[in-house]
Amino acid sequence: MVVDRAEVSGGRWGDHNAERRRAIITATIELIEEADAGEEIALALIADRAGVKRSVIYRHFADRKELDAKTREFAVERVIDMVMPTFDPAESLRGTIFRIVATYVGWVSDHARLHAWIERGPGSADAAGKAVVVGTKAAVAQRIADLFTLAAGVVGETHPGIDVASFGVVSLVDGVVTRWLDTRPPGVDAAEVTRLLTDSIWFMFDGHARARGYVIDPDRPIADLMADPPARAL
């Protein structure tokens with residue numbers, strides 16, 4: 001987490017330090033989203049936006065690299081929290097996939113500069129940086145993998161390969177979103193990207209189900225599916 005336990009264990013001063021760190025990180029994010037792509041954000045600007053002296057930044061972060069790393073971590077954690085919703089039994093499989101994808105694509109669309117900075121910014125090439133960058137896509141994939149595993153379990157399919165195959169969603173989501181952001185083709189907005197991704201993910205799920213003899217209605221509520229699982233075709 002961005003706020004270290006050592007900071008919050010110090011009582012009043014620990015809370016104060018955590019607030020300062022969060023203010024500095026928030027200021028960094030705001031300036032990244034306002035700047036042109038690739039523009040370097042000076043520490044003086046960050047300090048001014050956060051309402052602190054530049055020297056205060058170095059009391060909370062060892063150097064610029066740590067500030068960038070913690071900022072990236074904080075931003076990714078916010079996205080992961082958004083795309084990890086609870087399952088709604090009244091929702092369909094396709095509806096749930098759509099909701100997860102729409103949340104992620106919507107965030108990327110609204111925060112394109114921050115997304116680009118997270119993906120290609122300072123520190124993203126080292127091991128720790130890659131882990132944080134991959135974390136967002138992995139969260140989307142894990143939620144969809146959980147959904148696939150749930151549906152498979154309803155009809156008695158428990159092969160561990162289901163989870164492995166589901167993580168192909170990482171490359172799918174990454175490839176589609178990255179291409180869309182780079183090209184912004186006319187007529188393809190966030191809603192259309194969400195639809196394309198939802199359909200593609202469902203086609204993958206449906207193909208695996210049919211290969212095993214199951215035909216699943218994508219718009220049937222999850223509660224109904226669990227109460228009355230589809231029978232396997234002979």
Side-chain angles (χ1 to χ4, degrees), residues 1-85 100-140 173-174 177-178 180-184 189-191 193-194:
M1 297 294 292
V2 171
V3 179
D4 298 327
R5 295 192 180 194
E7 292 179 332
V8 298
S9 64
R12 180 169 64 87
W13 286 112
D15 292 339
H16 177 72
N17 287 338
E19 290 174 5
R20 279 284 180 86
R21 283 169 65 89
R22 187 176 294 271
I24 293 167
I25 288 172
T26 299
T28 304
I29 289 174
E30 290 175 355
L31 288 166
I32 289 169
E33 299 209 90
E34 294 170 8
D36 293 331
E39 182 180 344
E40 179 70 20
I41 309 298
L43 281 177
L45 290 176
I46 296 172
D48 184 62
R49 179 64 62 90
V52 300
K53 294 181 179 180
R54 178 172 172 172
S55 59
V56 172
I57 295 178
Y58 288 110
R59 294 179 195 166
H60 296 278
F61 302 94
D63 50 28
R64 182 57 185 268
K65 183 177 180 179
E66 184 185 13
L67 172 58
D68 287 343
K70 292 299 183 181
T71 299
R72 183 174 290 104
E73 183 181 338
F74 179 80
V76 166
E77 284 178 355
R78 288 200 306 181
V79 181
I80 290 175
D81 287 343
M82 291 172 59
V83 299
M84 295 295 277
I100 295 170
V101 172
T103 301
Y104 177 65
V105 173
W107 183 88
V108 170
S109 178
D110 292 340
H111 303 277
R113 289 175 178 170
L114 178 59
H115 175 266
W117 183 84
I118 291 172
E119 293 281 309
R120 299 185 288 271
S124 60
D126 60 36
K130 286 181 180 178
V132 171
V133 169
V134 171
T136 313
K137 306 181 194 87
V140 176
V173 171
D174 186 33
V177 171
T178 299
W180 172 60
L181 289 174
D182 288 345
T183 62
R184 294 285 188 171
D189 57 10
V193 171
T194 296

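Owing to the predicted nature of the structure, the values given are computational and were not obtained by experimental measurement.
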Contact check, side chains of [X] and [Y], non-hydrogen atoms, under 4.5 Å:
X	Y	result
R78	M82	no
V79	I118	no
L45	E34	no

State, to 0.1 Å, how close [X] and [Y] come at their nearest heavy-atom pair, and which atoms those are.
X	Y	answer
V56	H60	O-CD2, 3.1 Å
H115	Y104	NE2-OH, 3.7 Å
W117	R72	O-NH2, 3.4 Å
I25	F61	CG1-CZ, 3.9 Å
I46	R64	CD1-NH2, 4.0 Å
R113	I32	CB-O, 3.9 Å

Query raised in the report: Backbone N or O of V105 within a donor-acceptor pair of the S109 side chain at under 3.5 Å?
Result: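 Judged by distance alone, no pair lies under 3.5 Å.
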
Query raised in the report: Can you tell me if R54 uses its side chain to pair, donor with acceptor, with the backbone of A47 under 3.5 Å?
Result: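 Not a single qualifying donor-acceptor pair exists.
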
Query - N-O pairing of E19 and R22 below 4.0 Å - result: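 So E19 does not pair with R22 through a salt bridge.
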
Query raised in the report: For T28 and F74, what are the C-alpha separation, side-chain angles and deciding distance, and is it a side chain to side chain contact (heavy atoms under 4.5 Å, CB included)?
Result: CA-CA 11 Å; T28 304; F74 179 80; over 6 Å; no

**Report entry** Spacing of R20 atom CZ and I57 atom CD1 [to the nearest 0.5 Å]
**Finding:** 10.5 Å

Report summary line: In this structure, OG1 of T26 is separated from CG of L31 (nearest 0.5 Å) by 11.0 Å

Report task. Before giving the answer on side chain to side chain contact (heavy atoms under 4.5 Å, CB included), spell out for L43 and L67 the whole-Å C-alpha distance, their side-chain angles and the decisive distance to 0.1 Å. Result -> CA-CA 10 Å; L43 281 177; L67 172 58; 3.9 Å; yes

